[in-house]
Amino acid sequence: MKKLINAPERVVGEMLRGMELAHGGLLRLLPENGVVLRADAPVQGKVALVSGGGSGHEPTHGGFVGPGMLDAACAGSVFTSPTPDQMLEATKAVDGGAGVFYVVKNYTGDVLNFEMAGELAEAEGIQTDYVVTNDDVAVEDSTFTSGRRGIAGTIFVHKICGAAADDGKDLAGIKELAEKVNGNVRSMGMALTSCTPPESGEPIFQIGDDEMEIGIGIHGEPGIQRKKIEPADNIVDEMLDKILGDSVDFSGSEVAVMVNGMGGTPLMELYVAYARVADRLKDEGVNVWRMPYVGDYMTSLEMAGFSITLLKLDEEMKGYLAAPCDVAAGRPF
Amino acid sequence: MKKLINAPERVVGEMLRGMELAHGGLLRLLPENGVVLRADAPVQGKVALVSGGGSGHEPTHGGFVGPGMLDAACAGSVFTSPTPDQMLEATKAVDGGAGVFYVVKNYTGDVLNFEMAGELAEAEGIQTDYVVTNDDVAVEDSTFTSGRRGIAGTIFVHKICGAAADDGKDLAGIKELAEKVNGNVRSMGMALTSCTPPESGEPIFQIGDDEMEIGIGIHGEPGIQRKKIEPADNIVDEMLDKILGDSVDFSGSEVAVMVNGMGGTPLMELYVAYARVADRLKDEGVNVWRMPYVGDYMTSLEMAGFSITLLKLDEEMKGYLAAPCDVAAGRPF
Amino acid sequence: MAASMEENRKYLTKLDSEIGDGDHGNNMRRGFAAALERLEGTSPSSPADVLKAVSMALIGKVGGAAGPLYGTAFLRAATVLSGDEVSPEDAASALEAALGGVKQRGKAEVGDKTIVDALTPAVEAAKEVAGSPEATVAAVFRAAAEAAAVGAESTVPLTARKGRASYLGERAQGHRDPGATSTQLLLDAAARSLEGAG
Amino acid sequence: MAASMEENRKYLTKLDSEIGDGDHGNNMRRGFAAALERLEGTSPSSPADVLKAVSMALIGKVGGAAGPLYGTAFLRAATVLSGDEVSPEDAASALEAALGGVKQRGKAEVGDKTIVDALTPAVEAAKEVAGSPEATVAAVFRAAAEAAAVGAESTVPLTARKGRASYLGERAQGHRDPGATSTQLLLDAAARSLEGAG
Ligand SMILES: Nc1ncnc2c1ncn2[C@@H]1O[C@H](COP(=O)(O)OP(=O)(O)O)[C@@H](O)[C@H]1O
Ligand SMILES: Nc1ncnc2c1ncn2[C@@H]1O[C@H](COP(=O)(O)OP(=O)(O)O)[C@@H](O)[C@H]1O
Ligand SMILES: [Mg+2]
Ligand SMILES: [Mg+2]
Ligand SMILES: [Mg+2]
Ligand SMILES: [Mg+2]
């Protein structure tokens, strides 16, 4: 296992420290709690957005903290949900008196820990609410599972709700908006390689030199299907067919598109994939709104792979997506 | 070799097409020539900046085309310099009557091909000039080699000269400014893994599971030294010692800093490295100007590794670095 | 328990890699190491205080799905204990309360391929042993541990319906659940400790 | 020549991987395939026109360091030929002009571990054979090819001073230069073609 680190157990702390040193003025840390805050928190009178999850998905979540997006992000160990006390400290630090809204990805750990955090926050007199994102279409029958996972579509919830909070929307309105976004976003991922968390030192799964894993999540856990690798166009087709054939009817609509790298796929290949996405959407009568987001947004360490996200837009969502924000992951050059 | 592609010989063309589909309105292609242009080229009365090189370094160069940076980028095959006819077509397409300036990285192929292009352009009545960037300190004795290589520091030349051209600086002034930036920027890179170009199908070099390559370039060619892997802090120290000990005296100055991922190193690890960079610079009395650039800017396909770049600033360079630009690699979120 | 989590870290990591994200071993080791530290630092007086201290350490340090579930388990166990002595019936009640907490938080049932598959038979065995006149607390935990082992093994052929393994569908079959396994290991460590084998 | 570049693509790739960026094989194959296509499409009349067409195809398609160097080589060779016949002296002069072009563009000398290390002895051998009365063009190229082979082999122990290999310092020693090797292969292909072995 070769990584640019000092020691496995120090990775997250040093990463957070590096972020604070790099983006001081925009971000600050609660270093004892592994929390990244916007430097000017708390912002009085504004609903505060708190998210978080395991580390290893950078720029998610710390890279999305700042004016116009998240107020705070809680960083767990690699691929491990953060704990309720982290979330409570974050909550208290960003509480501007208008309530705190949690954006939680649907993984049992994330949900249970954020639920406990909400209970602790309410006990301290802070009103909270939350959305559980579940944009991943890979898992079909969610009645018999933990339900669908939250993957890159969650970032659109961060952005749209962040802009709405800046715009003065109240806690109930943010909740409603978050559910609307979540209800209109669909994603799917795949992987060509596994990844190796620093503390385990071993790849999460073994995969052959000529194989790919379809329906991958973001924590390196195996996906839904192992197959022989195919050309990029075929892979995009399979993923788009599942997304377009799911319960959101995208035809004739305007969509925000994200082609998200898992970390180890060169940007060159993401654009090869996007060319196919664009062609297919055109054939299907789905209109890409403005420019797609092509790059590494919600990664899985060094995993080679990518995910596609489509968000069906209305005027409100478009306005909030277009609103300016100042976050480390979206700094102009 | 597992890649998200359709066929090795089609990768570059499909990548360029994907970029145009994604960023239409900002970019357009000369598809027969593998050239990316700003959509509004030619911009009359402005010195036009043309750069280029092999593909496989994305977002370099196409991701830096747009208002405030490059007017055109020529894309060669993976790791292969583009050819003079590509450069000539780019030159003609962006010529706004104020001359065309080439930003060339110091590799024999890039230099020879851009030289021939300049000859062809002059024959067509277009005035050209160029800078050859050579910020890499890894190669010590450039008297007995092809000279130092141009690596990530070249991007600062793109940005500063791009802003200056927007600001109305003439061709001679751009040349002088480019030489100033080049004279004040120093970089060094390293790799933990190799990379596999699609058309060759084999890794460029073999490296052991416990080894690293110091002084790596950006084309996957071997570096200057093979060693056992060390903790990130030690690696940063070795690289910074070489950069700080080189012919630019950084002490007491303000620097622009870039910690650039080669493609396969997670952002998490780049921040771990940046924490050490920040600590060392503070110890050395070198002041980081504004925020560092931490991310993948000049990659080498999926290579795990990174480079550090320091640019010693004056007021003019600061102003141009801070000027707004609109490029695919720096799009706000 | 902390020693068991340290010893079995790689095993749990392996199980959680096959049908999860590979962190269960590290999560449990970290959480129980923190629990040990907290106990050494605060020297709680009653058994209930011990369990509460462990609960807080787990909630604060384990992370993932297992943190809130085991944390709640220890907390609920604490609530049924009073005084300084723990009888065999107390022990069984504590385990039953723990299971109740896990099921209330996680909403899993037997057959879902989780902690519940190990803890449910453990509670039944504990109650049965506790009901007999020669019962000892050590025997209650030994019975619980053995039943938990059977329960954890029973997860092998199951299709997961909760947690991360549930995304795998039938691919989870043939793999042992990591959480059910750590349940078995924790109960076994408790039993050995009470039996004096430490 | 195109066939030789096709056959030897992997070999040149391997050499360029050891002390370069692995693209020389693909670059040469692509360039000479384009040259073949251009020749088939335009049917140039004179030997000079053939060389010019090849030159343009190479400059336009090879890329990298080898593109301008070989492109200039063919262009300069074309400039010394006139008419439809090529004598042995013409052939040697063409090779000499080619070398001049490579040296002028690339500024390399013998010993720098480049194309020049193969082409320089090739030109000397060509001139020597061309000076003899029974010389044939085929013999000129055969001598050039054999000398180029020796020259390419002579690059093995050298430290590179030009091109990508020069960054390696002493690590380039023990590796054959890819460009010198393609020079040898091209001359050999030309010789075989003239000898009728195709
Ligand atoms: N809803 C649930 N109820 C009971 N146990 C559960 C539930 N969800 C997950 N688990 C247990 O948690 C274990 C995984 O723990 P761990 O790997 O530490 O967390 P994560 O899945 O967040 O990475 C599973 O093996 C399973 O036994
Ligand atoms: N200055 C030079 N003069 C002569 N030949 C050179 C020079 N620089 C490089 N070469 C030749 O070019 C070869 C490399 O070609 P190629 O791999 O196609 O280009 P690149 O180095 O741009 O990837 C080297 O092996 C060497 O023989
Ligand atoms: Mg986890
Ligand atoms: Mg090259
Ligand atoms: Mg896990
Ligand atoms: Mg090469």
Side-chain angles (χ1 to χ4, degrees), chain A residues 2-7 11-12 14-19 21-23 25-26 55-56 58-59 63-64 69 159 192-193 209-210 212 229 231-233 235 263-275 278 291-294 296 299 301-302 304-306 324-325 327 329-333, chain B residues 2-7 11 14-19 21-23 25-26 55-56 58-59 63-64 69 159 192-193 209-210 212 229 231-233 235 263-275 278-279 291-294 296 299 301-302 304-306 324-325 327 329-333:
Chain A
K2 290 203 286 195
K3 291 175 180 290
L4 183 65
I5 64 176
N6 291 301
V11 173
V12 174
E14 291 179 351
M15 181 248 320
L16 292 174
R17 186 162 174 272
M19 288 190 74
L21 287 165
H23 306 297
L26 176 64
S55 294
E58 291 67 30
F64 296 120
M69 275 183 96
K159 177 72 177 71
L192 292 174
T193 71
D209 288 343
D210 60 348
M212 62 181 185
I229 187 176
D233 286 359
I235 297 173
T265 285
L267 184 60
M268 184 169 83
E269 293 172 28
L270 296 182
Y271 276 113
V272 168
Y274 181 71
M291 295 187 191
Y293 300 79
V294 182
D296 290 2
T299 59
L301 293 172
E302 68 276 3
F306 76 116
C325 70
V327 297
R331 306 215 51 247
F333 197 81
Chain B
K2 289 202 284 195
K3 291 175 179 290
L4 183 65
I5 63 177
N6 291 301
V11 173
E14 291 177 352
M15 182 247 321
L16 292 174
R17 187 162 173 270
M19 287 190 74
L21 287 165
H23 307 298
L26 175 64
S55 295
E58 290 68 31
F64 297 120
M69 276 183 95
K159 177 72 176 76
L192 292 175
T193 70
D209 288 342
D210 60 348
M212 62 181 185
I229 188 176
D233 285 0
I235 298 174
T265 285
L267 184 60
M268 183 169 83
E269 292 173 29
L270 296 182
Y271 276 114
V272 168
Y274 181 72
D279 287 345
M291 294 189 191
Y293 300 80
V294 181
D296 290 1
T299 60
L301 293 172
E302 68 276 2
F306 77 115
C325 70
V327 297
R331 306 215 50 246
F333 198 81

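Just so we're clear, the structure is a prediction, and the values are computed from it rather than from any experiment. Residue numbers begin at 1 in each chain, while the letters A, B, ... track the order of the sequences.
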Between [options], which has the largest tally of heavy atom pairs under 4.5 Å with chain A?
| options | result |
| --- | --- |
| Arg331(B), Glu58(B), Met268(B) | Met268(B) |
| Asp296(B), Val272(B), Val327(B) | Val272(B) |
| Ser55(B), Ala329(B), Ala278(B), Gly330(B) | Gly330(B) |

Which residues pass the side-chain hydrogen bond (donor to acceptor under 3.5 Å, both in side chains) test with Arg17(A), not counting sequence neighbours?
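side-chain hydrogen bond (donor to acceptor under 3.5 Å, both in side chains) check on Arg17(A) returns Asp279(B).
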Could you tell me which portion of [X] (side chain, backbone, both or neither) has an atom closer than 4.5 angstrom to a non-hydrogen atom of chain A?
| X | result |
| --- | --- |
| Leu4(B) | both |
| Lys159(B) | side chain |
| Asp209(B) | backbone |
| Val11(B) | both |
| Leu16(B) | neither |
| Ala22(B) | both |
| Ile229(B) | side chain |

Distance from Thr193(A) atom OG1 to Glu302(A) atom CD, nearest 0.5 Å?
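Between atom OG1 of Thr193(A) and atom CD of Glu302(A) there are 7.0 Å.
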Pairs of heavy atoms under 4.5 Å with chain B: top-ranked of Pro332(A), Gly63(A), Gly25(A)
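Highest number of heavy-atom pairs under 4.5 Å: Pro332(A).
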By side-chain contact (heavy atoms from CB on, under 4.5 Å), which residues pair with Met19(B), not counting sequence neighbours?
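Residues passing side-chain contact (heavy atoms from CB on, under 4.5 Å) with Met19(B): Tyr271(A), Met15(B), Leu27(B).
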In terms of heavy-atom proximity below 4.5 Å to chain B, should Leu21(A) be classed as side chain, backbone, both, or neither?
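Both backbone and side chain of Leu21(A) come within 4.5 Å of chain B.
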Which pair of non-hydrogen atoms, one from [X] and one from [Y], has the smallest distance, and what is that distance?
| X | Y | answer |
| --- | --- | --- |
| Met291(A) | Leu26(B) | CE-CB, 3.6 Å |
| Pro266(A) | Gly264(A) | CD-O, 3.7 Å |
| Tyr274(A) | Pro292(A) | CZ-CG, 3.4 Å |

Whether Asp233(A) side chain and Asn6(B) backbone form a donor-acceptor pair below 3.5 Å
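No.
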Donor-acceptor check, side chain of Thr265(B) to backbone of Gly305(B), threshold 3.5 angstrom: yes or no?
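Yes: the side chain of Thr265(B) pairs with the backbone of Gly305(B).
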